Structure formats: structure tokens, C-alpha cells
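Below you'll find the structure, written out as C-alpha cells, and then a few comments.
The shown structure was predicted, so the numbers you read here are calculated from the model rather than taken from an experiment. By convention in this document, chain letters (A, B, ...) are assigned in the order of the sequence lines, proteins followed by strands, and residues within each chain are numbered from 1.
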2 protein chains.
Amino acid sequence: MAEDVFKALADPTRRRILDELVERDGQTLFEICGRLMAKHGVGLSRQAISQHLAVLESAGLVVSRRQGRYKYHDLNTEPLKRIVTRWLGPDASESTP
Amino acid sequence: MAEDVFKALADPTRRRILDELVERDGQTLFEICGRLMAKHGVGLSRQAISQHLAVLESAGLVVSRRQGRYKYHDLNTEPLKRIVTRWLGPDASESTP
DNA sequence: TTGATAGGCAAGTCATCACTTGCCTATGGT
DNA sequence: ACCATAGGCAAGTGATGACTTGCCTATCAA
């Protein structure tokens, strides 16, 4: 849903998480926590970040793959491309290959 | 602020208002109320819409010009273009003239 | 000048959301 | 088998946000 995408993007911490994943894909929850704390001064609990990741995932902005006891998180920009065309027109989401 | 833009876009009614303005620029508050009601079945009070317009305006997504007792609202897509480049890259907001 | 139209201000309600705390499960190393 | 690591579940709290109601101001037409 586009609804979920907009709600997911409404929170600053979630946008920070997307920033983190754009810079380095496939991070675990603990890695994301560490980097948010170190680079952005975000002092939230592990659960807070976990819940944010859940919101991002159910919006389709993040895809996760489980491997052993680790869960890796990857960014998915497809939903982003779709929502912008709503007011900017179809040219607004093309990426030059 | 990008912060305000994302928060402004988080509400479904506000997105509907943008839809309305993209279709017909320069509407008054009462016009917007009427069209939201007629076309989208939005049954909100005048104040509710007025407050939404205030949010959109302080996010820079809507610009208003007063003329006599009327206040006309125009869409401004510039803030939209800026926020998308954050995760999609600079090509994502170009419009073909 | 009176009345109708277009809009604004302010307080109050109710729901949603972000975040925490405490406990539980599962995988891997030694 | 044990313990540390990686993550999940659920209830509770506090704050933010959407919406309403009531009243007030300003512009225009008769």
C-alpha cells in the first residue's frame, strides 16, 4: 500500500535507517543499532529499532533474509519510485542505468 | 525542512488535497471541501481541511495568495523533488519539459 | 447597515504512535 | 551441556496528531 509507505517515511528514525541501508546493504539489527548510535547519536533501545524495521518491512521498503541466528536487512526502493509519480508525473522515478 | 514534508505527506486526507490541487490549481478552502466531499467521500469539517492546508503550507507543498475575502491555494512540487533524491539519487526528480 | 459568505482562533477530546521494560526463543561457540 | 549472542513478543506509558465545537473577524452585496 502507498499508505504504509508514507507512514513509514514519516518518522525521522526510520528515515535514518534507510540512510544507513543505502550506504551499506544487508545489516543486522545490532549493526544498525550500533551505527545509528555512533554516527547519528540515536540512543534508542534495540526494540525501538526492531519495531521501526518491522514498519519499514511491512511497507516494502526493507526486505529481510534470515540466515542462522542473523537476520539481514536490505533496502528496496521500488515503493519509493511508485509514490512519487503521483504528483510529479511518470518521469520522476526513472533511474539512469 | 524535509521533516515537515514527510509529516505532511503522512496523512491520507492531505494527500487527497494534493491530488485535488494537481488536478485544478488555485482553489479556495470551500472549493476543496466541496470537491473532497463529492469526489472522495471525505466528510470532514471545514476546520479540519483548513488545518490540513496549514500543515501543507508550512511544509512548502502549498502556497496561498489572498485576494479580497478569498484565499487561493496553489500546489508547489519543489519540496517533493528534493526529498526523493535522498534514496533514489539525483535522477529521480527530473521532469521532462 | 444589515446579512450572508469566506476564513481564522482556541480549547477540548480521542485515537494513534513511539518507546520502554521484562521476559521468552533460537542459534552458535567452547 | 552451558552460556553468550541475535532476535521476538506483549503490555504499559507518554506524547503527538486529527478532528470537533463554539465563537470571532473580514469582505462583499443588497
Side-chain angles (χ1 to χ4, degrees), chain A residues 1-21 24-38 40-59 61-74, chain B residues 1-21 24-38 40-59 61-74:
Chain A
M1 288 295 181
E3 174 75 34
D4 307 308
V5 180
F6 286 109
K7 286 224 172 140
L9 293 176
D11 187 87
T13 306
R14 283 196 289 267
R15 294 197 297 272
R16 284 274 155 80
I17 294 177
L18 294 184
D19 291 339
E20 252 327 298
L21 290 179
R24 178 204 264 216
D25 226 23
Q27 294 188 59
T28 69
L29 171 60
F30 274 55
E31 280 176 310
I32 295 172
C33 284
R35 295 170 78 104
L36 283 182
M37 178 58 183
H40 304 281
V42 178
L44 295 179
S45 71
R46 181 178 52 86
Q47 263 67 15
I49 308 297
S50 178
Q51 284 163 12
H52 281 311
L53 281 171
V55 173
L56 288 169
E57 191 163 3
S58 72
L61 289 165
V62 161
V63 182
S64 67
R65 47 197 160 93
R66 187 121 210 188
Q67 196 170 335
R69 63 173 156 173
Y70 299 102
K71 191 180 177 187
Y72 301 105
H73 301 270
D74 299 290
Chain B
M1 288 293 184
E3 173 74 33
D4 306 308
V5 179
F6 285 110
K7 286 224 171 143
L9 293 175
D11 187 86
T13 306
R14 284 197 287 268
R15 294 196 297 271
R16 284 275 154 80
I17 293 177
L18 295 183
D19 291 340
E20 253 326 300
L21 291 179
R24 179 204 264 215
D25 227 22
Q27 295 188 59
T28 69
L29 171 59
F30 275 54
E31 281 176 312
I32 295 172
C33 284
R35 294 170 79 106
L36 283 181
M37 179 59 183
H40 303 282
V42 177
L44 295 178
S45 72
R46 180 178 54 86
Q47 263 68 14
I49 309 296
S50 177
Q51 285 164 13
H52 281 310
L53 280 170
V55 173
L56 288 170
E57 192 164 1
S58 74
L61 289 165
V62 162
V63 181
S64 68
R65 46 195 161 97
R66 188 122 209 188
Q67 195 170 338
R69 63 174 156 173
Y70 298 103
K71 192 179 177 186
Y72 300 105
H73 301 269
D74 299 289

### Message
For a quick check, tell me whether the side chain of B:R66 and the base of C:dG7 share a donor-acceptor pair closer than 3.5 Å.
### Response
no
### Task
Assign each of A:H73 and B:A10 to its nearest nucleotide of DNA chain D by heavy atoms, then name whichever residue's nucleotide is nearer the 5' end.
A:H73
#### Entry: Distance below 4.0 Å between B:T28 side-chain N/O and C:dA6 OP1 or OP2
no
### Distance, rounded to the nearest Å, where A:L44 contributes CG and C:dT21 contributes P
12 Å
### Message
Strictly below 4.0 Å, N to O, side chains only: are B:K7 and B:E3 in salt-bridge contact?
### Response
yes
## Note on the structure
Note: B:Y72 and B:G26 closest approach over all heavy atoms is CD2-O, 3.3 Å
## Note on the structure
Per side chain to side chain contact (heavy atoms under 4.5 Å, CB included), B:L61 is matched among B:L21, B:V5, B:D4 by B:V5
### Query
Looking at B:S50, does any N or O in its side chain come under 4.0 Å of the phosphate oxygens OP1/OP2 on C:dG7?
no
#### Entry: Heavy-atom pair with the smallest gap, counting every atom of B:S64 and B:K71
OG-CE, 3.1 Å
#### Entry: Under-4.0 Å side-chain N/O to phosphate OP1/OP2 contact, A:H52 with C:dC17
no
### Message
Rounded to whole Å, how long is the line connecting atom CG of B:L36 with atom C1' of D:dC19?
### Response
15 Å
### Task
Please state how far atom CZ in A:R69 lies from atom P in D:dA4, giving the value in whole angstrom units.
13 Å
### A:S45 vs C:dT20: side-chain N/O to OP1/OP2 distance below 4.0 Å
yes
### Query
Is a donor on one side and an acceptor on the other found under 3.5 Å between the side chain of B:R65 and the backbone of B:H73?
no
### Task
Would you kindly check whether a donor in the side chain of B:Q47 faces an acceptor in the base of C:dG8, or vice versa, at under 3.5 angstrom?
yes
### Query
What nucleotide, of D:dG8, C:dG7, C:dA4, holds the atom closest to the side chain of A:R46?
D:dG8
### Query
Rounding to a whole Å, what distance do you find between A:D4:CG and C:dT16:P?
15 Å
### Query
What is the distance from CD of B:E31 to C1' of C:dG7, rounded to the nearest Å?
14 Å
### Separation of atom OH in A:Y72 from atom C1' in D:dG7, rounded to whole Å
13 Å
### Query
For the pair made of CZ in B:F30 and P in C:dA4, what is the distance, rounded to whole Å?
14 Å
#### Entry: Quiz item: A:Q67 side-chain donor-acceptor pair to C:dT27 base, under 3.5 Å
no
### Task
Ignoring backbone atoms, test whether B:K71 places a side-chain nitrogen or oxygen under 4.0 Å from the OP1 or OP2 oxygen of D:dT27.
no
### Summary
Of A:A48 and A:K7, the one whose closest nucleotide on DNA chain C sits nearer the 5' end is A:K7
### Task
Could you tell me the separation between the OH atom of B:Y70 and the P atom of D:dT27, rounded to a whole number of Å?
13 Å
